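Below you'll find the structure, written out as structure tokens, and then a few comments.
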Amino acid sequence: MTESLDPVRMACWRAYIEASQRLFTQIEEDLRADELSFADYHVLVLLSEAPGQRLRMGELAGRLVFSPSRLTYQITSMQKRGLVAKESCPGDRRGSEAVLTAAGLLTLRDAAPHHLASVRAHLMDDLDDAEVACLTRVFERLGRRLRAARDASSTPADN
């Protein structure tokens with residue numbers, strides 16, 4: 001069963017989508033200064049947070065919004081620039097892993113402060129008061145729903 005949206009909620013979601021698209025475009029432009037796309041940056045962050053700085057391709061695909069062919073293209077492109085390596089999984093000849101290289105880690109470390117400053121600047125400067133209010137309502141509602149779902153799924157033994 002789907003929930004119908006009233007005009008105020010619809011306007012709020014529209015503001016969220018428009019602000020997100022504008023923010024994404026501006027952040028992409030800022031990352032180009034570090035010769036990275038947002039997808040490159042996301043892959044580097046995921047690999048940097050993974051144990052051993054490596055992830056199976058299937059797990060990486062599950063954390064990204066890429067099709068398998070797009071992920072293969074992305075990894076190949078990053079491999080050519082020395083940011084990641086692709087290695088066979090131990091014990092599974094059919095599987096492969098994306099591995100963060102030293103150059104990839106250095107690139108991420110150089111880009112991260114610039115990227116965070118860019119996100120903060122765009123959030124502060126590029127959203128008007130109405131968009132901030134809409135985004136605040138959206139995330140508060142989402143937070144309440146996620147907490148309720150988490151609380152409902154946890155058992156007393158989990159706590």
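Please read these numbers as outputs of a predicted model, since none were measured by experiment.
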Seminar exercise, completed: Correct closest heavy-atom pair for Leu55 and Ala50 would be CG-CB, 3.6 Å
Exercise. Salt bridge between Glu59 and Arg63, side-chain N to carboxylate O under 4.0 Å?
Worked result: yes
For this session: Rounded to the nearest 0.5 Å, what's the gap from OG on Ser77 to CD1 on Ile75? Could you check?
Result: 9.0 Å
Exercise. What are the two closest non-hydrogen atoms of Leu83 and Leu36, and how far apart are they?
Worked result: CD1-CD2, 4.0 Å
For this session: Establish whether Phe24 and Leu31 are linked, either directly or via other cluster members, by ILVMFWY side-chain heavy-atom contacts under 4.5 Å.
Result: yes
Problem set entry | Minimal non-hydrogen separation, Met57 against Leu71, with atom names | O-CD2, 3.5 Å
For this session: Taking atom types as modelled, find out whether Arg70 and Gln74 have a side-chain donor-acceptor pair closer than 3.5 angstrom.
Result: yes
Exercise. Do the non-hydrogen side-chain atoms of Leu60 and Arg56 ever get within less than 4.5 Å of each other?
Worked result: no
Exercise. What heavy-atom pair brings Leu100 and Gly104 nearest, and what distance separates the two atoms?
Worked result: CD1-C, 3.7 Å
Exercise. Is a side-chain N or O of Thr101 found less than 3.5 angstrom from the main chain of Gly82, in a donor-acceptor match?
Worked result: yes
Problem set entry | Ala112 versus Tyr41, closest heavy-atom pair with distance | CA-OH, 3.5 Å
Exercise. Taking side chain as C-beta onward, heavy atoms only, is Glu87 less than 4.5 Å from Ser96?
Worked result: no
For this session: Give a yes or no on whether a salt bridge exists between Glu97 and Arg54, defined as a side-chain N under 4.0 angstrom from a carboxylate O.
Result: yes
Exercise. Are Glu35 and Arg81 close enough for a salt bridge, meaning some N to O gap below 4.0 Å?
Worked result: no
Exercise. Taking the side chain as C-beta and beyond, is there a heavy-atom pair between Gln53 and Val99 under 4.5 Å?
Worked result: no
For this session: Without swapping roles, check the side chain of Asp30 against the backbone of Ile27 for a donor-acceptor pair under 3.5 Å.
Result: no
Exercise. Would you say Thr107's side chain and Ala103's backbone share a donor-acceptor pair under 3.5 angstrom?
Worked result: yes
Exercise. At their closest point, which heavy atom of Gln79 faces which heavy atom of Ala85, and how far apart are they?
Worked result: CG-CA, 4.2 Å
